[in-house]
4 protein chains.
Amino acid sequence: MAGSVNKVILIGNVGADPEIRRTQDGRPIANLRIATSETWRDRNSGERREKTEWHTVVVFNEGLCKVVEQYVKKGAKLYIEGQLQTRKWQDQQGQDRYSTEVVLQGFGSTLTMLDGRGEGGGASGRGSAGGGNDYGDDYGAPAPSSSPSRGGGGGSNFSRDLDDDIPF
Amino acid sequence: MAGSVNKVILIGNVGADPEIRRTQDGRPIANLRIATSETWRDRNSGERREKTEWHTVVVFNEGLCKVVEQYVKKGAKLYIEGQLQTRKWQDQQGQDRYSTEVVLQGFGSTLTMLDGRGEGGGASGRGSAGGGNDYGDDYGAPAPSSSPSRGGGGGSNFSRDLDDDIPF
Amino acid sequence: MAGSVNKVILIGNVGADPEIRRTQDGRPIANLRIATSETWRDRNSGERREKTEWHTVVVFNEGLCKVVEQYVKKGAKLYIEGQLQTRKWQDQQGQDRYSTEVVLQGFGSTLTMLDGRGEGGGASGRGSAGGGNDYGDDYGAPAPSSSPSRGGGGGSNFSRDLDDDIPF
Amino acid sequence: MAGSVNKVILIGNVGADPEIRRTQDGRPIANLRIATSETWRDRNSGERREKTEWHTVVVFNEGLCKVVEQYVKKGAKLYIEGQLQTRKWQDQQGQDRYSTEVVLQGFGSTLTMLDGRGEGGGASGRGSAGGGNDYGDDYGAPAPSSSPSRGGGGGSNFSRDLDDDIPF
DNA sequence: TTTT
DNA sequence: TTTT
């Protein structure tokens, strides 16, 4: 479909240290749980109320996974830009189940640390994405804020991620 | 949590005529299924490939529900701005299940028709939201593009929606 | 025009303490300068490079102006959601000049503090916008994160701001 | 600055056929004027009012420039995702002037046609950006919806665009 | 200068 | 289940 947009923007806090798994062919996948919350004052009682929403974020991009692995800890405040994706799976009873996740994978996906933790000596913006690979040519301090690399090394992660049916 | 953002932006097509239900106290809730899709060219085969993602959109705002009811039909192209929300429910076996939806409810939620269908004589932007109610003071043709009303009549839909545990 | 979107999202740091002015009829207007920056590694030299962009942000909303006045100081990190607006003015030679600003005024505009400074005892999200006025019914600590109020008191700021030709 | 975001999202109509210029070294730059507008009903008079905002959009990305050149005509409805950028220039009196533009250049920039005009036989989403070049490997119908290519041919446009001081 |  |  021409003219389609699927974008999620979150600013929230990481609920637990991220898990990093690997596909059979060695590519990393990071899983994050991020909380966003709203507070408001109840019209009747005047009490302050809060509602927290938990989001599952899945990072397929190799460069962003490195950032997650090195810098993102429980409690970190992140800016996330990704896409909504619902995947189907079977539970133990063989029933179809669906899980919706915020996926950071291809073009336009970003993860930025907002609380300045873990910065190993240098700031980095998305501009660092200008090279073929955000991190491979980065011999100095790694980048705590970054965008996915594309077209690096043996081909784009993006198209392969869509082609393969990665078991996750 | 101060400093939290939970935002979803979609541009896609409606998969079926919307369903409008009502809560016990008469407020409307509209359900939409929206498809977004990406196409790309496979690196190896050179073939064009496509992946469609389906999103469930739930509209709690009364004014937006009217717009949905009157103008949104199967096939319509929409711009949606809402929030991610996951709700828990029990299946027939009594097991916990979770569904993630794009909710249009409070501040910042928008729904805009992008294909010009169904426009009953007048355009309307989000500026129409300046009044106490987007539609109540709209003596002419209703607005196919709009933002939620707030503070109208007997209280904010928003806080009541969050307070009540609406069975949907 | 039906189907129009004009949205700016910034995360950056405030360059100087904000200025608050007032219109003839007493409504506040806050001006902020916000810096965003990108860093990247030069492909040839391998050096890290940085480019900073400065944005002028104008806050018309009364509630958001209070937040700015009380909490936003030089150096604060903010999340801003507003609209692009270009206004025409005459310089001293009588020549037409144009200035483009990020305006926080009506529906969908937000300002959120991301560094936790200035929080006077309670967090507040956009949910607080559910009432007729975000701050007037806020008997406790004011909210450092908020969305514009609408429809409060003597009418909507939004429509009046658009109707009036405020000299700013 | 770690943790910086500079994003503009527009949906609007193109006011005139785009202009395409070239830098000394042959790279294309497209200029677009895009109108967004809001309509609302005046609180007092009840009249419908409209305000149109004009945006200058500058496309540096080579692939997106091709799309603009081939498909974007006066009147087209576009979705644009870019960055705010203010550049300084001197007028004929030697005075400093500033122009703020929405720049489509590097990571995260997108241009999508929303009205289906000009589509030469095949849809293309941002997924097409998975390859080294969005258009170079596209021997079939060109893509009316696309994302910038990166890392194609003799280096990233992005870093060179930032390095060079392109006279535009 | 667009669009509705 | 949409759209191209």
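The analysis underlying the following values was restricted to heavy atoms, covering all of them including side chains, and did not include hydrogens, waters or symmetry mates. By convention in this document, chain letters (A, B, ...) are assigned in the order of the sequence lines, proteins followed by strands, and residues within each chain are numbered from 1.
Note: CD (B:E50) to P (F:dT2) measures 12 Å, nearest angstrom. Here the C1' atom of nucleotide F:dT2 and the CG atom of B:L10 are 13 Å apart, to the nearest Å. In this structure, NE2 of D:H55 is placed 13 Å from C1' of E:dT1, rounded to the nearest angstrom. A straight line from NZ of B:K51 to P of F:dT3 spans 20 Å, rounded to a whole angstrom. The distance from atom CG of B:L78 to atom P of F:dT1 is 19 Å, rounded to the nearest whole Å. Atoms NZ (D:K74) and P (E:dT3) sit 7 Å apart, rounded to a whole Å. One interatomic measurement links the two molecules: CG of B:L32 to P of F:dT3, which rounds to 15 Å at whole-angstrom precision. Spacing between atom CZ of D:R49 and atom C1' of E:dT3 amounts to 19 Å, rounded to whole angstrom units.
Judged by atom type and distance alone, B:T52 reaches the base of F:dT2 through a side-chain donor-acceptor pair under 3.5 Å. At a cut-off of 3.5 angstrom, counting only N and O atoms as typed in the model, there is no donor on one side facing an acceptor on the other between the side-chain of D:T39 and the base of E:dT4.
Considering only residues two or more places apart in sequence or on other chains, A:Q93 meets the side chain to side chain contact (heavy atoms under 4.5 Å, CB included) condition with A:D91, A:Q95, B:Q95. Residues passing the side chain to side chain contact (heavy atoms under 4.5 Å, CB included) test with B:Q90 are B:D96, sequence neighbours excluded.
The side chain of B:A16 approaches F:dT1 more closely than any other nucleotide in the set E:dT1, E:dT2, F:dT1. Minimum atom distance to the side chain of B:W54 is reached by F:dT1, of the listed E:dT3, F:dT3, F:dT1.
Residues C:Q83 and C:V8 fail the side-chain proximity criterion, which asks for heavy atoms closer than 4.5 Å. The closest side-chain heavy-atom distance from B:L114 to D:Y79 is not below 4.5 Å.
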